[in-house]
Number of protein chains: 2
Amino acid sequence: MKTISRKEEIIQVASRLFYEKGYKTVSMRDIATAMDIKAASLYNHINGKQEILSEIILKVAEEFTVGMENVVSEKISAIEKVEKVIEMHIDITVNYSEALAALNNDWMHLEKSNLSAFVKMREDYEENFRKIIKQGIEMGEIKAHHPEVILFSILSTLRTLYLWYQKRGKLDMNILKRDMVAVLIKGLI
Amino acid sequence: MKTISRKEEIIQVASRLFYEKGYKTVSMRDIATAMDIKAASLYNHINGKQEILSEIILKVAEEFTVGMENVVSEKISAIEKVEKVIEMHIDITVNYSEALAALNNDWMHLEKSNLSAFVKMREDYEENFRKIIKQGIEMGEIKAHHPEVILFSILSTLRTLYLWYQKRGKLDMNILKRDMVAVLIKGLI
DNA sequence: TAACAAAACTAACGCTTGTTAGTTAGAAAT
DNA sequence: ATTTCTAACTAACAAGCGTTAGTTTTGTTA
């Protein structure tokens, strides 16, 4: 019976506020008020605002990194890999929709090693995706459009999925996966 | 020979800074420093920070509104309308790429009438786009996937185009239009 | 050259920010 | 019953924020 720590609670509340108003707009006093305590009390559990941000972002970034590595290592066609990536994005979106706002909009407010770690993960992720697409084109599975256009088009849709997920409520995720995969992939083949 | 006013210069510099760091992160002193003057001097030309933001955002929002109305009023097929919308987005992205960062990320920091005007324009825009897609499905031009999935997928790609445009430099826009239209549309038909 | 307007300046205001120091209340462990 | 630990508190700090008031510089027009 695992109960969530006070620190995790802070991170959870902060995620929601960052989602609603953005990292820079949310003050430590805002976070504290939302928990019915004083701002100074937060520092019994966390080292500072920056730590809250980096924990939110890096945790999800690692999920993406691991998920992508799993897909890459599978012995399936390029198109099937793209399908798996799309499904992974949808799964992560469902589980971390609020954290994704910070990841997408506030990553540039990370500092030093956290910032460079994030940027590296994102670059590696994109590079893996790019390779899948290029491979698919070489094998004749994917139409030979500019690979960057394909990459960008899919990635931008997946990255903003969190916005849409919240707005529409929990439309059945299986329906979403099926239609999203169809719409994104049928343009490629 | 129209020369740009000091106010327009402020808005231009602010757009660049907002693009790089976001509205909340950029201070009036940052904007002033970038122009080699003091913060207080800005107020000889503009009424406040909020006015800078609203001028940047609403100008582009109106471009989109007008562009969409033009497309809607044309007597062409639904698919051709979608093509026109995509091309319009690319054109606006080229001409206003920095302003689009504020429009996408900082619109929620607009106040009162500016905020509601923006939200209305955005809702109308989406509704027009939705109608085009539904009409295309009814006429059998567009495959009968969930219309919201199609709308979201195209719109999220177009809305984040500004990020990609800056990064890749001025890849020939005609090539971009052709490939982007192909990738986004071929999934629909 | 004197008058005027535009656009810069200095100085300061009240407020909010993230954060620190030191203290206190209550529960758990000895 | 006493110590220890946890997690809250009050009070305050220095720095930064958007903005205002009043003044000086600069360039143009009468």
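Chain letters run A, B, ... following the sequence lines, proteins first, then strands; residues in each count from 1.
Computed from coordinates, the Ile46(B) CD1 to dT20(D) P distance equals 10 Å when rounded to whole Å. We find that OH of Tyr23(B) is positioned 9 Å from C1' of dG18(D), with the value rounded to whole Å. Separating the CD atom of Gln50(B) from the P atom of dT19(D) is a distance of 9 Å, rounded to the nearest angstrom. Protein atom CD1 of Ile37(B) is 17 Å distant from nucleotide atom P of dA6(C), rounded to whole Å. Atom C1' of nucleotide dT25(D) and atom CG of Asn44(B) are separated by 12 Å, given to the nearest angstrom. Computed from coordinates, the Met35(B) CE to dC9(C) C1' distance equals 15 Å when rounded to whole Å. Between Ile31(B) atom CD1 and dG18(D) atom P the separation is 8 Å, expressed in whole Å. Spacing between atom CG of Asn47(B) and atom P of dA7(C) amounts to 14 Å, rounded to whole angstrom units.
Contact of the Thr160(B) side chain with the Asn104(B) side chain is not registered, since no non-hydrogen atoms from C-beta on lie closer than 4.5 Å.
Because its NZ or CZ atom is both nearer than 6.0 Å to the ring centre of Tyr23(B) and within 45° of the ring axis, Lys49(B) counts as a cation-pi partner of that residue.
Of all nucleotides listed (dC9(D), dT19(C), dA8(C)), dT19(C) comes nearest to the side chain of Tyr43(A). Distance from the side chain of Lys38(B) is smallest to dT10(C) among dA11(D), dT10(C), dA8(C). For His45(B), counting side-chain heavy atoms from C-beta on, the closest listed nucleotide (dA8(C), dA12(C), dG18(C)) is dA8(C). When distances run from any side-chain atom of Lys49(B) to the nucleotides dC9(C), dT19(D), dT19(C), the shortest one goes to dT19(D). Ranking dG18(D), dA8(C), dG18(C) by closeness to the Arg6(B) side chain, first place goes to dA8(C). Taking only side-chain atoms of Ala40(A), from C-beta outward, the nucleotide of dA8(D), dG18(C), dC9(D) with the closest atom is dC9(D).
A donor-acceptor contact closer than 3.5 angstrom links the side chains of Thr157(A) and Thr157(B).
Heavy atoms of Ser41(B) sit under 4.0 angstrom from at least one base atom.
Note on Val71(A): it does not cluster hydrophobically with Met139(A), by side-chain heavy-atom contacts below 4.5 Å among ILVMFWY residues.
Contact of Arg29(B) with dG16(D) (side chain to base): no donor-acceptor pair of N or O atoms is detected under 3.5 Å.
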Between Glu63(B) and Lys59(B), is a salt bridge (charged side-chain N to carboxylate O under 4.0 Å, His left out) present by the stated rule, with each step listed?
CA-CA 7 Å; Glu63(B) 291 271 341; Lys59(B) 186 177 170 193; over 6 Å; no
